[in-house]
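Single-structure report; data block below.
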Amino acid sequence: MSEKIKNVVVLGATGSIGDSTLDIISRHPDRFNVLALSGHSNISKLVKLCHQFSPSYVISTNDNCYGELNKALTSSPTQVLSGNDELLKLCQLDEVDMVVAGIVGNAGMQPVLAAVEAGKDVLLANKEALVMAGDIVMKAAKQNNANIIPLDSEHNAIFQCLPESYQVGNTPQDIDKIILTASGGPFWNRNKNTFSEITPAMACAHPNWDMGRKISVDSATLMNKGLEVIEAHWLFNLNVDEIDVHVHPQSIVHSLVCYKDGSILAQLGEPDMRIPIAYGLGMRSRLTSGAKLIDLLVNNELQFLSPDYDKFPCLALAKNAIATGGTSMAILNSANEASVAAFLDNQIPFTAIAEINQQIMQQSKNEAVESVDHLIELDKEIRLQTHKIINNYGVKSA
Ligand code: NAD
Ligand code: MG
């Protein structure tokens, strides 16, 4: 029996996750229809994607780009939308089956929540949504019977190593702990005394993965692994001491589940995001993804090492934030987004990212999370505070 074609909304279609998602969709036209695409400022790429996939809707979340997008698509059947409110409505349309959350940063939080509240299947790459609002998103998923399927390679690997009946949000049965692997990023072996010389181009040149600029910098500071520990805490309902991190420089073992009987299950593959995305789009069935099968006779060295918390303080900041609970994870996320953007803009050195994140964590008051509106206000406040430190940084260190 042929399955119904699924209508997919791809949020962040112009980014790296968008590229990998649309690559898989284009391999399976009998299974998926691109219902809508979102992008922010790269309008020429968004227009090109509209010509290629003929979605019913396209949306630019940057209001300033609406005119350009609309003009470029005047004679196209695609309806052109603009802005955050339209984006949230789009995620909730009846005809939507799946929402791929590929927006970077906390701009992804509200669309993820909107999709979850409408009971959609949400394929989650945007880890910041869970770091900001994990409790709210997971509760809403349960209440509205929404499936959340992790696309982040580590969490997708864990999901692949759990029984098919397992649903995200529940604590996995019979396990001792999970192990998230980390590549270690480009500076794993670099002398810490030279970290201040690291440029944005160096930080964005990841040894194994080809990703957007923000997550590449997060991988270089190991904040990405910290955000992923928080993400795993919410997705799999585990305490921080049930989530280990092993540095695995080869990026072949994407994560592992340690069962009570002494068995460890792992998922292995090329560092190619099409593999976890195909597993998500297939809702646990195996679709061809275009990824190469890994040759273990060639890639025959698999190392696992302890993370260096002294060299990479951001990982400990994230673990502490879980232990503290409340708004502390959201505070860390907002500070990190602002400090990473400042580093990418050459305003602060690489080493300042961890220093500033730490300072914000020390000076901020932890509160209970009340609502999404509370988190949005808090984000504004923390960004202001972070920018104050950023603006004084050059003065202080001159
Ligand atoms: P990217 O920078 O390549 O793409 C980001 C996308 O978000 C673009 O389409 C951009 O237009 C959109 N965007 C940017 N700012 C926006 C805003 N303010 N409002 C709405 N949309 C906005 O990033 P990426 O590497 O594709 O990462 C996307 C998300 O997926 C991140 O949360 C990242 O942590 C996660 N992720 C990525 C990878 C990867 O391999 N790239 C792996 C795991 C998880
Ligand atoms: Mg990851």
Side-chain angles (χ1 to χ4, degrees), residues 9-23 37-46 48-49 58-65 69 81-88 90-91 100-112 114 122-132 149-159 180-185 204 206 208-219 222-232 235 245 248 251 253-255 267 270-277 280 291 333 336-337 340-341 344 376 379 383:
V9 175
V10 184
L11 303 178
T14 53
S16 161
I17 290 292
D19 285 342
S20 299
T21 303
L22 291 169
D23 181 279
L37 297 171
S38 97
H40 200 59
S41 307
N42 189 347
I43 299 305
S44 57
K45 182 161 180 185
L46 201 50
K48 216 171 122 203
L49 292 174
V58 64
I59 181 158
S60 158
T61 36
N62 182 345
D63 287 330
N64 297 330
C65 296
L69 182 62
L81 308 169
S82 172
N84 200 42
D85 291 349
E86 294 283 325
L87 184 71
L88 303 187
L90 182 66
C91 293
V100 178
I103 289 175
V104 61
N106 74 356
M109 173 177 73
Q110 285 183 289
V112 164
V122 179
L123 275 52
L124 188 75
N126 175 247
K127 64 194 84 186
E128 293 92 344
L130 283 188
V131 176
M132 292 289 293
I149 299 180
L151 297 187
D152 211 345
S153 57
E154 297 76 3
H155 308 74
N156 189 275
I158 300 288
F159 188 60
L180 302 182
T181 54
S183 68
C204 288
H206 195 280
N208 306 342
W209 294 95
D210 183 11
M211 308 180 288
R213 282 162 69 77
K214 191 260 176 185
I215 183 176
S216 296
V217 175
D218 284 345
S219 299
L222 253 67
M223 177 51 91
N224 183 50
K225 210 49 53 182
L227 299 178
E228 289 183 357
V229 175
I230 299 175
E231 186 184 7
L235 284 173
V245 173
H248 167 53
S251 295
V253 177
H254 295 299
S255 279
Q267 185 257 343
E270 284 278 346
D272 183 331
M273 284 305 291
R274 291 178 301 177
I275 299 174
I277 294 172
N333 187 64
N336 184 60
E337 284 192 25
V340 168
L344 284 171
I376 292 170
D379 176 58
R383 280 172 195 266

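Whatever order the structure lists ligands and atoms in, that order sets their numbers, starting from 1. We use all heavy atoms of the structure for the numbers below, so side chains are in, but hydrogens, waters and symmetry mates are not. Residue numbers count from 1 along this sequence. Worth saying up front: this structure is predicted, and the values here are computed from it rather than measured.
Within the 4.0 Å heavy-atom cutoff, I215 counts among the residues contacting ligand 1.
Among all protein heavy atoms, the one lying closest to atom 13 (N) of ligand 1 is H40 CB, 3.7 Å. In terms of protein heavy-atom proximity, atom 32 (O) of ligand 1 is nearest to E128 OE1, 2.7 Å. The protein atom (non-hydrogen) at minimum distance from atom 14 (C) of ligand 1 is V104 CG1, 3.7 Å. The nearest heavy-atom contact from the protein to atom 23 (O) of ligand 1 is G212 CA, 3.9 Å. Atom 20 (C) of ligand 1 has as its closest protein heavy atom T61 OG1, 3.1 Å. When only non-hydrogen protein atoms are considered, atom 34 (O) of ligand 1 lies nearest to K127 CE, 3.1 Å. What sits closest to atom 28 (C) of ligand 1 on the protein, heavy atoms only, is G102 O, 3.3 Å. Scanning the protein heavy atoms around atom 41 (N) of ligand 1, the nearest turns out to be S16 OG, 3.1 Å.
Residue A182 comes nearest to V245 through the heavy atom pair CB-CG1, 4.2 Å, listed as atom of the first residue, atom of the second, then distance. Across every non-hydrogen atom of I59 and L46, the tightest pair is O-CD2, 3.9 Å.
For I17, a nitrogen or oxygen atom sits less than 3.5 Å from a nitrogen or oxygen atom of ligand 1, counting backbone and side chain alike. Among the atoms of W209, none of the N or O lies under 3.5 angstrom from an N or O of ligand 1. On a distance-only criterion, T14 and ligand 1 share at least one N/O pair closer than 3.5 Å. For ligand 1, the polar-atom distance check against S38 finds no nitrogen or oxygen pair separated by under 3.5 Å. The shortest N or O to N or O distance between G12 and ligand 1 is below 3.5 Å. Taking distance alone, with nitrogen or oxygen atoms compared against 3.5 Å, N224 stays at or beyond that limit from ligand 1. Annotation: G18 places no N or O atom under 3.5 Å from an N or O atom of ligand 1; distance criterion only.
A salt bridge links E128 with K214: the closest approach of a Lys/Arg side-chain nitrogen to an acidic carboxylate oxygen falls below 4.0 angstrom. Between D19 and K45 there is a salt bridge, since a side-chain N of the basic residue sits under 4.0 Å from a carboxylate O of the acidic one.
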side-chain hydrogen bond (donor to acceptor under 3.5 Å, both in side chains) assessment of S183 paired with H206: CA-CA 9 Å; S183 68; H206 195 280; 3.1 Å; yes

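In this structure a side-chain-to-backbone donor-acceptor pair under 3.5 Å is present from T61 to G39. Between the side chain of N62 and the backbone N or O of N64 there is at least one donor-acceptor pair closer than 3.5 Å. The backbone N or O of N42 sits nowhere less than 3.5 Å from a side-chain atom of T14 that would complete a donor-acceptor pair.
Atoms of ligand 1 found under 4.0 Å from any heavy atom of A107, numbered from 1 in the order shown, are 17 (C), 18 (N), 19 (N). Applying the 4.0 Å criterion to heavy atoms of D152 picks out, from ligand 1, the atoms 43 (C), 44 (C). With ligand atoms numbered from 1 in the order given, ligand 1 contributes 32 (O) to contacts under 4.0 Å with heavy atoms of N126.
Atom CD1 of I215 sits about 8.0 Å away from atom OG of S16, to the nearest 0.5 Å. Here T21 contributes atom OG1 and R274 contributes atom CZ; the two are 11.5 Å apart, rounded to the nearest 0.5 Å. Annotation: the span from F159 atom CZ to D152 atom CG amounts to 13.5 Å, rounded to 0.5 Å. Here CD of E228 is found 7.5 Å from OG of S255. Values are rounded to the nearest 0.5 Å. Taken from CG in D210 to CG in D272, the straight-line distance is 10.0 Å, to the nearest 0.5 Å. Going from atom CD of Q267 over to atom CD1 of I275 covers 6.5 Å, rounded to the nearest 0.5 Å.
When heavy-atom distances to ligand 1 are checked against a 4.0 Å cut-off, I103 comes that close through both its backbone and its side chain. Under 4.0 angstrom from ligand 1, the non-hydrogen atoms of M211 come from both its backbone and its side chain. Neither the backbone nor the side chain of K214 comes within 4.0 Å of ligand 1, counting heavy atoms alone.
Defined by atom type and a distance below 3.5 Å, a donor-acceptor pair is missing between the side-chain atoms of T181 and H254.
Closest approach between the Mg ion (ligand 2) and any N/O/S atom of E154 involves OE1. When the N, O or S atoms of E228 are ranked by distance to the Mg ion (ligand 2), OE2 comes first. When you scan the N, O or S atoms of D152 for the one nearest the Mg ion (ligand 2), you land on OD1.
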